[in-house]
Amino acid sequence: MKKLPLGIQSFTKVIENGCIYVDKTKYIYELIQGNCVFFARPRRFGKSLLCSTLEALFLGKKELFIGLWIDKNTDYQWPVHPVIHIDLSQVSKANPAELTASLMRTLDGIAETYKLEKLEYTTPGEMLKKLTTRLFEKYGSKNRVVLLIDEYDKPILDTIDKPATAEEMRTILKNFYEFIKGLDDYLRFVFITGVTRFSKTSIFSGLNQLVNMSMDPRFAHLVGYTKDEIDLYFQERMQEIADGKKRSITGGIQELKQLIEAWYDGYRFWKDQPLQKTNDGENSDLARLYTPYSILSFLDTADFSNYWFESATPSFLIKVLQQHQFPLESFENLTADMNELMTFDIADLPLATLLFQSGYATIKTYDPSNQYYELEMPNYEVKDSLLKSVLSAMTAHRTSRLNSNLIALRNSLENGPLEAFIEKIKTFYSKVPYEITIDKEKYYQTIFYLLVQLINLRPEAEKATNIGRIDLVVETHQFLYIFEFKLNKSAQEALDQILQKKYYEFYSDCGKKIKLVGINFSSTEKNVVEYLAQDLE
């Protein structure tokens, strides 16, 4: 059984160490037919391995590609090109001055690798120009230079909670990238990748030849794993787990695959879903993507956990959500047009853009008539982790201690009595530090909603009806709860609103016992102070 390439971002190392390589060379071959390409994906999705694969390919290392798609299905001639590979996650970026100095040291180091004359330290852009032209002179027009830039936006993202510093970083990078435009005659291929999609005017000004392939369906599977790829490359690993050698799976490998899908599948980044032929000759939508880092980590440990999320804390995302006062619409029914999804601006950052580009939301559907996308959280890993982080930020409850609270809440709401559930909710609110709470009904409602979301009881927040919006609907195996919240009013007023507007009529044929619940919060007590419940006859 081949080894898992967990934590390995070098294509050469993957192949030479006998690790599994999920063959992406079909898409890579089509990619390199272009000249200047931009491609964005969330972190831990395989972008760095892709850059390393491109580097090996352009360096003519044919022996590493033996047996792969590009070797068996093309007449690629394997010319040797000089490669300038810059990984901005590896440059020093403590401050703008250090970023500039580190970029220049990186370029000078590449010149030294190719045994070129030492570069004069001027500016990063001027040094890139000098390095490119010298490599062109050394290798000739038939072996033009290849430029690969990985994590192109990392210095900006690392400082984005400090807008002035982030703007300085952006200016440095903008000035650096502007030099690419004038190097077209010397370049065979340019590939720039990162997490965000800054507009051309903000960071790639003048680089008109740069083609954004991020949402092109042809490259939907350039990185990430599809279900078919997982079945092909990791079948032995999954079978070993299903056989009980690492964990107990009563339903065998099919149950295991369903669990893996629920936890780690669900990403879609492309504009539409063109039909493609399956092995059975049927048409189907393009397959959604699994997170490679989570898949490899699970196959290594056989333990379902939030690997992708835990690999980097989304502190900036939480700060932005705090600025928006944690709106419920950031988690459900989020929509955006193409411009919002494809543009990242330090000064004006829509929530949909941030969630989508950072990997916490993905495309659910596309409405061609209105030209907007509906977004959703892609899978259980993201949903569980993000909601717990938001809940922790809103309440100062440590995420490590949330699970025991959630189990108790689920049991009391599922099995009753309702009084036990309310008492546990009150205990939870009572432990929220006084200085955190906000005297707005939405704040208390959001915490309530997040708790119910996390116990997997299918809540619907702000459910619209023809006569108004229901604050919260929660469905269990036995009951359907309709909640209405008030702040500094009364539970009776909340319950009367449900009855007067007949919110329950929408669910009259649900086949479950319907419970109407009015809850009143107090901004003084910072808690539930009163509730009234009524069974619908």
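Remember, predicted model here, so these are calculated numbers, not experimental data.
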> Residues two or more places apart in sequence or in another chain: which of them pass ring-ring contact (aromatic ring centres under 6.0 Å, His included) with Tyr481?
Replying inline: Phe479, Phe483
> Can Thr335 and Glu374 be counted as having a side-chain donor-acceptor contact under 3.5 angstrom?
Replying inline: no
>> Classify the ring geometry of Phe521 against Phe448: parallel below 30°, tilted from 30° to 60°, perpendicular beyond 60°.
In response: perpendicular
>> Going by the rule ring-ring contact (aromatic ring centres under 6.0 Å, His included), which residues pair with Phe304 if we only count those two or more places apart in sequence or in a different chain?
In response: Trp263, Phe298
> Which of these passes side chain to side chain contact (heavy atoms under 4.5 Å, CB included) with Ile192: Leu148, Ile180, Asp153, Val37?
Replying inline: Ile180
>> Ignoring hydrogens and geometry beyond distance, is a side-chain donor-acceptor pair present between Tyr449 and Gln445 at under 3.5 Å?
In response: no
>> As a quick check of understanding, evaluate side-chain hydrogen bond (donor to acceptor under 3.5 Å, both in side chains) for Glu310 and Ser385, giving each step before the final call.
In response: CA-CA 8 Å; Glu310 291 170 358; Ser385 301; 5.7 Å; no
>> Quick check: closest heavy atoms across Ser523 and Leu487, and the distance to 0.1 Å?
In response: N-CD1, 3.8 Å
> Is Leu418 close to Ile422 at the side-chain level, that is, under 4.5 Å between some pair of heavy atoms?
Replying inline: yes
>> Applying ring-ring contact (aromatic ring centres under 6.0 Å, His included), can you list everything that pairs with Phe234, at least two apart in sequence or on another chain?
In response: Tyr225
> Can you name the ring-ring contact (aromatic ring centres under 6.0 Å, His included) partners of Phe189, sequence neighbours left out?
Replying inline: Phe58
> With sequence neighbours excluded, what pairs up with Thr193 under the side-chain hydrogen bond (donor to acceptor under 3.5 Å, both in side chains) test?
Replying inline: none
> Does the side chain of Ser311 come under 3.5 Å of the side chain of Arg43 through a donor N or O and an acceptor N or O?
Replying inline: yes
>> Once salt bridge (Lys or Arg N to Asp or Glu O under 4.0 Å) is applied, do any residues pair with Lys154, and if so which ones, sequence neighbours excluded?
In response: Asp158
>> Within this structure, what is the NZ-CG distance for the pair Lys515 and Asp535, rounded to the nearest 0.5 Å?
In response: 3.5 Å
> Donor-acceptor pair, Asn306 side chain versus Phe309 backbone, under 3.5 Å?
Replying inline: no
> Residues in side-chain contact (heavy atoms from CB on, under 4.5 Å) with Lys489, at least two apart?
Replying inline: Lys486, Glu493, Asn520
> Do you know the tightest heavy-atom contact between Asn415 and Gln478?
Replying inline: OD1-NE2, 4.1 Å
>> Among residues at least two apart in sequence or on other chains, which ones pass side-chain contact (heavy atoms from CB on, under 4.5 Å) with Ser52?
In response: Ser10, Phe11
> Of the non-hydrogen atoms in Gly46 and Val223, which two are nearest, and what is the gap between them?
Replying inline: O-CG1, 3.7 Å
> Looking at Met238 and Leu256, what are the two nearest heavy atoms and their distance?
Replying inline: O-CD2, 3.2 Å
> Taking the six-membered ring for Trp, are the ring centroids of Phe45 and Phe269 within less than 6.0 Å of each other?
Replying inline: yes
>> Please evaluate residues Asp87 and Ser89 with respect to the criterion side-chain hydrogen bond (donor to acceptor under 3.5 Å, both in side chains), reporting the C-alpha separation (whole Å), side-chain torsions for both, the decisive distance (0.1 Å), and the verdict.
In response: CA-CA 5 Å; Asp87 182 353; Ser89 70; 2.7 Å; yes
>> Taking salt bridge (Lys or Arg N to Asp or Glu O under 4.0 Å) as the definition, give me every residue that meets it alongside Lys93, ordered by chain and number, with sequence neighbours left out.
In response: none
>> Taking Arg288 first and then Asp265, would you say they form a salt bridge - that is, a charged N and a carboxylate O separated by under 4.0 Å?
In response: no
>> Under the rule for salt bridge (Lys or Arg N to Asp or Glu O under 4.0 Å), what residues qualify as partners of Asp231, not counting sequence neighbours?
In response: Lys227, Lys257
> What is the minimum heavy-atom distance between Arg197 and Leu341, and which atoms define it?
Replying inline: CD-O, 3.8 Å
>> Once salt bridge (Lys or Arg N to Asp or Glu O under 4.0 Å) is applied, do any residues pair with Glu229, and if so which ones, sequence neighbours excluded?
In response: Lys24
> What closest approach, in Å, do Glu484 and Tyr503 show between heavy atoms, and which atom pair accounts for it?
Replying inline: OE1-CE1, 3.6 Å
>> In this structure, is the centre-to-centre distance between the rings of Tyr290 and Tyr264 below 6.0 Å?
In response: no
>> Tell me if the aromatic rings of Tyr293 and Tyr307 count as close, with their centers under 6.0 Å from one another.
In response: no
> For Trp270, is the NZ or CZ atom of Arg218 found under 6.0 angstrom from the centre of its six-membered ring and inside 45 degrees of the ring axis?
Replying inline: no
>> Checking side-chain polar atoms at under 3.5 Å, does Thr226 have a donor or acceptor matched by the opposite partner on Asp228?
In response: no
>> Nearest 0.5 angstrom please: Ile455 CD1 to Arg410 CZ, how far?
In response: 7.0 Å
>> Treating Gln453 as the side-chain partner and Leu387 as the backbone partner, does any N or O pair qualify as donor plus acceptor under 3.5 Å?
In response: no
> Any side-chain heavy atom of Val211 sitting closer than 4.5 Å to one from Cys36?
Replying inline: no
> With Thr25, which residues qualify under side-chain contact (heavy atoms from CB on, under 4.5 Å), at least two apart?
Replying inline: Tyr21, Asp23, Phe65, Leu68, Trp69, Ile70
